[in-house]
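Let me begin by presenting the structure, written as structure tokens, before commenting on it.
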Amino acid sequence: MTDNHSHRPEHAASTDTAVPVPDGGASRREILSESQLNESFPDWRERIRHRERLGAQSADTVAPDRVLHDPLASRLGHDLYSHQAEALDLLEADENVVITTSTSSGKTLIYQLQIGRNHLDTDTATALCLFPTKALTNDQEQALNDRLRGELGLDTHIGTYDGDTNDERKRTVRENANVILTNPAGLNVYLPRHAKDRGWHRFYSNLDLVVIDEGHEYGGVMGTHVAWILRRLRRVLAHYGADPQFVITTATIGNPAAHAATLTGAEFSVVNDDGSPRGARDIVLWEPPLDEEALDGNDDGTGDLMEGFERARRSSAREASSVTAHLAVNGIRTLQFTTARQGTEIGAKQTKGAARDHPRDQYVAVEPYHAGLGKRKRRAVENQLKAADLDAVISTNALELGIDIGSVDATVTDSYPGTKQSFWQQIGRAGRGTSDALSVLVGGTDAMDAYILDNPGYLFDDDTVEDAVVSIDNDRVFADHLLAAAAERPLTAADAPYLGGDDRFREMTAMWQDAGLLERSGDLDAGGVTYAGDRRPQSRISLYGTTGTDYEVIRANGEIEHDPVATERAYRDYHEGALFLHAGQQYEVTAVDHGQPHPRIHVEAVATTQYTQTLSTKRVQNLEVTDHTSLADGYDVYFGTGTVRITYGSYMARDYRTGELVKGPLPTETPPLDLRTELLWVSLPEDHAGSTITGLDAPLLEPTERAGDDPRVPMEQARYTYAGGLHAAEHGIIQLAPLELMIDNHDIGGLSTPSHPHETIPGPTWFVHDGIDGGIGFSKAIYEHIETLAARTREHIAECECGRRRGCPLCVMSEDCGNNNDPLDTATGTMILDDLLAAFDARS
Amino acid sequence: MVDGVGPDVLVATEPRASIVGPALDRAFDLDILEVGTGMRPDIAVTDDTRCLVMALPMGEDPLTPEQIAARAETSSVDDDPADPATGPQLCLITRSVSLSVDPYARSATLDGVSGYRDRVPEQWWTARTVHLSTALRAGFTTTRTHGTDGDARFVGIGTSNADLGVGTTGGPTQATLVALHSNGAIGVSEIDPRTFGLRGVPEIGPTRLETLRDAGITTVDALADAPLRRLTELSGLGRTSANTVQTAAEARSTNTVLPTGTDSLSTQDPVFIDIETDGLNPSTAWLIGVLDGGPADGHYMSFRERAIDDGSHLKAFMTWLTGAAARRPVVAWNGYRFDFPVITEQLRQHHPDLVAAWTDRYQLDALWWATNKNGGNAALPGRTNKLEHVADALGWEPSTNGIDGATVAKLYTAYRSQVAGEADAGAVAVPDWDRLERYCEDDVRALATIYEHLEGAARRDAQTKTPTGEHSSQGSLTDFS
Ligand SMILES: [Zn+2]
Ligand SMILES: [Zn+2]
């Protein structure tokens with residue numbers, strides 16, 4: 001996803017006609033032709049749910065001398081795309097700019113030229129560039145050097161400064177660099193050095209430009225921290241009289257200006273009119289077959305609810321392998337992205353197997369590829385792919401930014417990767433330059449995949465773009481960054497605009513003064529307040545959580561490069577006995593050490609066909625309303641704060657090939673977790689359960705045997721059925737929320753209950769809460785979009801192809817459910833959502 | 001460690017309070033108090049009988065003055081210990097007063113004060129009484145008003161469970177020294193037990209400590225005297241490292257500075273400086289103390305700002321430095337990390353035109369020269385490498401007491417806040433500048449004392465000297481990443 005190689009306009013010669021694929025001799029049209037498909041997939045008609053052909057687009061260009069002065073204009077040697085010119089004009093006019101054009105549209109050229117322009121104006125000018133990963137930083141250092149020193153012939157000193165840079169090199173960079181490249185975590189710890197080092201002093205005093213690359217990456221927990229780090233940066237810079245411009249590049253998001261503003265606290269102009277050319281592209285949405293027989297006799301709630309479906313649906317990974325094999329056998333070099341639990345190695349074997357099973361029985365060369373492989377091995381695969389020694393590569397879905405395997409003829413995506421941004425990024429690996437490309441999305445087994453196969457317009461219409469979600473409302477995170485800021489410079493009243501605004505800044509400062517971590521005798525309005533805690537508070541800020549505590553992941557039998565794990569996730573996903581997939585490898589948690597201040601998760605690489613599911617119980621207390629939407633007829637939606645006590649008490653192990661329960665429930669031995677967090681709740685009228693059941697024209701559901709063992713599930717049929725409806729509505733909204741919002745729904749939780757003692761809740765209700773202490777803006781964003789989400793969920797549940805009362809993983813069943821997906825009732829759930837939407841409509 | 005500090009009273013705190021007594025008992029004749037365990041209060045009186053320390057017993061029952069009188073009889077207190085007017089200073093220890101911090105409510109509160117107040121007899125709740133709590137973080141001090149009772153001073157001597165975010169390292173407190181001064185001032189500092197005895201010697205970690213102990217080497221003196229060959233066999237150290245360890249032990253054992261390297265010191269007479277600021281991450285250096293000459297007879301000068309943050313003294317200092325003291329090296333303790341960059345930053349703010357004259361001047365961090373430059377040039381005596389500890393071991397004595405750098409910073413900050421808050425300048429309580437300047441003078445004289453010894457060590461190593469005159473040793477800061 002490095003878009004440093006902008007396409008030259010003169011190459012934009014492609015047309016809307018099919019172009020022969022270089023290696024196979026067959027065109028894509030032929031591969032998707034009836035005869036070819038008949039050979040590989042006799043029932044292909046049922047599997048291809050949608051075909052989208054995106055036509056080629058020619059470049060919209062501007063001569064460089066219209067935007068740039070000499071010598072830049074003449075040295076550049078090619079035209080600029082219109083969006084590059086627009087952004088440079090805005091920067092010239094002193095605006096901050098956020099650029100949202102497509103992957104490979106040459107976004108980096110914009111800040112490269114701006115750095116060059118600033119340098120020619122003042123040769124002491126400096127720029128700070130922040131990248132989300134080290135891999136990306138290294139790529140961009142090379143690209144900047146090539147551009148500025150090579151192509152543009154400028155005498156700029158460019159240096160990466162991060163945890164991998166040695167001390168000697170760091171010193172050289174601090175003292176001389178015009179451009180420093182680092183990541184937000186690095187900036188967090190380097191910031192306090194501003195007053196103690198003349199290199200940093202020089203750098204900050206002359207800072208004209210701050211570049212934030214891949215700005216959409218900063219959402220959720222990480223985004224919250226980055227937003228505060230950038231505010232701390234701006235505050236220190238203000239002290240030096242530096243007020244740099246910001247350039248943020250991001251994937252296409254629905255709210256670029258707002259997102260950029262929340263991240264930095266500054267105002268932005270948006271550049272989104274893409275002037276870059278692109279080749280034609282075929283995108284196929286492919287649905288794996290559903291084995292109806294396996295479902296029979298499983299709708300009465302007897303037996304294990306998930307099991308039938310896991311078995312019924314041939315795993316999407318296997319199906320993706322068949323598609324990849326079909327392409328490879330036809331000479332199309334293919335990159336397959338997989339989310340499968342089994343990992344990429346087995347995926348590669350499966351693809352080879354599928355090629356052997358192919359009517360033309362052919363050997364295809366396939367290799368696995370993921371960040372965990374190590375640089376040398378990855379490089380080897382990349383070279384083999386370039387040299388056409390490989391027919392297909394199976395990669396993990398979550399390939400780190402900046403790790404670029406190079407281009408292929410086609411991509412196969414096994415399961416929707418969660419955001420449009422990731423989807424288009426994966427698609428973008430197919431096709432070279434402006435040549436044509438083919439991509440196949442093989443639908444996975446959850447609600448989002450099902451929704452997209454039913455509504456392909458979601459992917460291809462421009463008016464449905466997710467909003468990036470970032471929040472600075474978490475006071476615990478703010479409190480920590482306030483200490484860090486105080487350690488960087490004593491706090492004064494003038495800092496309020498950067499540090500939370502006047503009230504919040506003063507209250508939090510007073511709190512730390514009372515706690516003795518800020519000097520008590522200090523005064524914000526007189527001389528300032530100095531830091532009085534233990535040295536280097538910055539070094540104790542974890543960007544992976546909000547509580548300052550995170551778990552280090554340690555592998556017993558080898559190395560593992562795993563980000564630290566926030567407490568909330570450690571409790572749920574990394575309890576003893578839990579299985580998880582990381583960088584294409586399976587691991588089992590062997591022990592968890594909760595000891596402070598350095599808790600640890602010990603893991604071991606394993607090979608198993610199992611996965612684990614954690615069960616939980618939940619209680620919501622101490623609700624406080626901060627916002628309220630009043631609907632008609634006693635329906636209300638609230639947003640506020642509360643305490644969610646979650647006990648991840650037990651877990652089950654299942655076989656991923658069949659869904660069969662292998663063992664469990666087993667105890668996790670994890671203590672309860674109290675989250676003080678943000679949440680929304682939908683409050684229904686007091687008699688809603690009664691009126692809904694009366695109006696239900698389907699039979700009541702029979703409680704399952706499992707439900708009988710669970711004291712929280714009502715056993716009386718009417719109440720059991722209604723509880724299933726509430727639970728279904730809660731699940732549906734959480735599962736479909738990422739369609740609207742760029743959020744990870746693993747960090748959201750829910751709870752539905754027929755009653756709750758809070759005064760705002762006279763009858764049944766369901767909660768949607770942030771799964772992170774203090775909140776990270778997710779449930780707030782859902783609250784703000786609740787009507788759209790409810791409408792979308794209602795439509796999706798009612799139209800699910802399963803047609804089952806108890807639902808299926810494609811509509812309301814969720815792997816993350818702490819209650820083993822019981823009870824669930826799509827019929828009652830649809831009625832509840834209908835009532836809620838009617839109350840929205842009838843609102844005066 | 002206990003030996004090194006020599007406290008009057010020792011308070012055992014959790015997590016393993018009950019083993020402190022048995023572990024120390026035989027070695028020291030010392031009162032060891034434990035809070036919240038017995039049925040009756042645990043009492044100790046300092047040797048000078050001026051202070052009575054009492055640990056509250058378990059339960060929630062109120063205390064009575066009689067209980068104390070009865071218990072204190074065993075000690076040699078002449079006055080009625082229960083009488084606040086005539087008795088010694090009272091120091092009460094509880095474990096029920098704690099801090100709670102709630103960032104979501106943006107508040108920090110002291111919990112348990114009411115219950116604690118109810119246990120303490122009326123007449124002891126005076127401004128002279130000091131309340132210590134083992135449930136408060138060591139080093140935390142606060143004054144709270146309880147009802148109409150007036151102010152009460154609370155001092156933390158344990159570990160807090162409060163949510164202190166990234167403001168503390170979160171590790172358990174090792175040991176805390178609480179100093180009660182006769183003028184009512186309280187000094188609290190943390191002591192790292194690893195800096196005591198053999199553990200205080202560089203290169204001696206827990207494993208080597210164990211090995212040495214098994215071989216009967218239990219003190220720094222014994223380590224200094226052990227044959228080098230034996231040491232290399234025992235400790236798994238190379239001969240060079242063993243030599244270094246032994247030199248360090250000898251320096252500590254004999255309270256001398258010993259040469260360990262071959263670098264020389266400038267032949268020019270240095271200028272010694274020390275700055276006073278507003279904290280460890282300072283925004284000002286309001287006082288620059290300068291010593292021109294030797295530790296005993298050198299001339300001391302104070303460059304102090306005339307008005308808050310006016311920077312006037314910086315200019316005066318630079319005028320003197322570039323005039324009368326032209327070309328002489330500037331020496332500070334820990335200067336590369338603190339004094340030098342702070343002054344640079346201050347000059348940038350107030351007199352950018354003087355920055356070059358300052359940064360071009362040869363500056364030497366005496367601590368860095370001794371311990372880091374080319375692997376270190378001198379083994380230092382003293383419990384730690386703090387200026388006071390090293391100078392103290394070399395026989396230097398301060399003229400001020402009951403005050404340290406952090407206290408000076410606090411006094412200054414409090415003054416600065418007052419000045420900005422009061423319209424009427426006459427109403428502001430002005431700190432005792434004289435005392436603060438004398439404290440600063442103590443420090444530069446301590447520095448000069450050490451420097452003399454460093455010079456001596458450098459001369460002793462004269463036969464292997466390298467040429468002098470390198471002027472670019474500033475980039476040695478270890479990077480923080
Ligand atoms: Zn379904
Ligand atoms: Zn659920």
Side-chain angles (χ1 to χ4, degrees), chain A residues 161-163 165 167 170-171 175 186 189-190 192-193 195-198 201 475-476 478-480 483-484 486-490 504 507-508 510-523 525-541 548 596-597 641 676 774, chain B residues 99 101-110 136-137 139-142 156 160 162-171 277-284 308-309 337-338 341-342 344-345 348-349 355 359 406 409-421 474-475 477-481:
Chain A
Y161 196 103
D162 62 26
T165 316
D167 287 356
K170 273 185 174 170
R171 192 173 133 209
E175 293 189 346
V189 291
Y190 306 137
R193 291 292 308 279
K196 294 178 184 160
D197 178 275
R198 70 175 154 201
H201 183 275
D475 265 341
R476 198 156 172 171
F478 169 52
D480 281 346
L483 290 177
E488 279 141 22
R489 266 192 73 68
R504 198 176 174 201
E507 286 171 27
M508 203 60 96
M511 177 189 89
W512 284 135
Q513 286 184 295
D514 286 344
L517 294 181
L518 293 179
E519 197 54 68
R520 191 187 309 272
S521 57
D523 187 337
D525 301 300
V529 177
T530 38
Y531 177 68
D534 290 347
R535 279 159 49 83
R536 294 179 186 167
Q538 295 84 358
S539 65
R540 292 183 290 277
I541 291 178
Q596 299 289 342
T641 57
R676 289 181 59 184
Chain B
L99 182 77
V101 176
D102 183 351
Y104 299 123
R106 296 175 205 155
S107 75
T109 47
L110 210 54
L136 290 173
R137 180 171 54 100
F140 176 77
T141 62
T142 185
S160 174
D163 178 0
L164 295 170
V166 297
T168 60
T169 54
T277 65
D278 58 351
L280 277 179
N281 298 284
S283 69
T284 180
I308 301 251
D309 213 22
R337 281 178 171 276
F338 195 70
V342 170
T344 311
E345 166 67 7
R348 275 196 187 108
Q349 273 181 37
V355 172
T359 51
K410 278 184 195 177
L411 290 170
Y412 175 78
T413 321
Y415 165 70
R416 182 174 60 187
S417 306
Q418 267 190 48
V419 170
Q474 271 211 44
L477 298 175
T478 318
D479 192 39
F480 171 35
S481 61

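Below, chains carry the letters A, B, ... as their sequence lines are ordered, and counting in each starts from 1. Since we're looking at a predicted model, the values are computed, not measured.
Both the backbone and the side chain of A:Ile541 come within contact range of chain B, judged by heavy atoms closer than 4.5 Å. The parts of B:Tyr104 that come within reach of chain A are both its backbone and its side chain, each placing non-hydrogen atoms under 4.5 angstrom from that chain. In this structure, chain A has heavy atoms under 4.5 Å from both the backbone and the side chain of B:Leu164. Both the backbone and the side chain of A:Glu507 have a heavy atom closer than 4.5 Å to some heavy atom of chain B. Residue B:Thr413 touches chain A through both its backbone and its side chain, counting heavy-atom pairs closer than 4.5 Å. Of the atoms belonging to B:Asp278, heavy atoms from both backbone and side chain fall under 4.5 Å from chain A. Looking at A:Arg676, the atoms closer than 4.5 Å to chain B (heavy atoms on both sides) sit in the backbone and in the side chain alike. Contact annotation for A:Asp525: only backbone heavy atoms (N, CA, C, O) come within less than 4.5 Å of a heavy atom of chain B. Only the side chain of A:Ala479 comes within less than 4.5 Å of a heavy atom in chain B; its backbone stays farther off.
To the nearest 0.5 Å, atom CG of residue A:Asp534 and atom CZ of residue B:Arg137 are 7.0 Å apart. With values rounded to the nearest 0.5 angstrom, B:Arg106 atom CZ is found 7.0 Å from A:Phe478 atom CZ.
By the 4.5 Å heavy-atom criterion applied to side chains, A:Arg520 and B:Lys410 are not counted as neighbours. Two residues are said to be in side-chain contact when any heavy atoms from C-beta on lie closer than 4.5 Å; B:Thr168 and A:Leu517 meet this criterion. Between A:Gln538 and B:Val166 the shortest side-chain heavy-atom distance does not fall below 4.5 Å. Annotation: side chain of A:Arg198 is not in contact with side chain of B:Thr344 (no heavy-atom distance under 4.5 Å).
In plain terms, the two heavy atoms of B:Ser283 and A:Pro490 that are nearest each other are CB-CG, 3.3 Å. When all heavy atoms of A:Ala515 and B:Val101 are compared, the pair lying nearest together is CB-CG2, 3.9 Å.
Between chain B and the options A:Met508, A:His201, A:Arg489, the largest number of non-hydrogen pairs under 4.5 Å is found for A:His201. Per-residue heavy-atom pair counts under 4.5 Å with chain B were compared for A:Ala484, A:Ala487, A:Gly533, A:Gly522, and the maximum is reached by A:Ala487. The candidate with the highest count of non-hydrogen atom pairs below 4.5 Å against chain B, out of A:Met511, A:Gln513, A:Glu519, A:Arg535, is A:Met511.
Ionic pairing of B:Arg416 and A:Asp523 is not present here: no N-O contact between side-chain nitrogen and carboxylate oxygen is shorter than 4.0 angstrom.
Residues satisfying the side chain to side chain donor-acceptor pair (under 3.5 Å) test with B:Asp163, not counting sequence neighbours, are A:Arg476.
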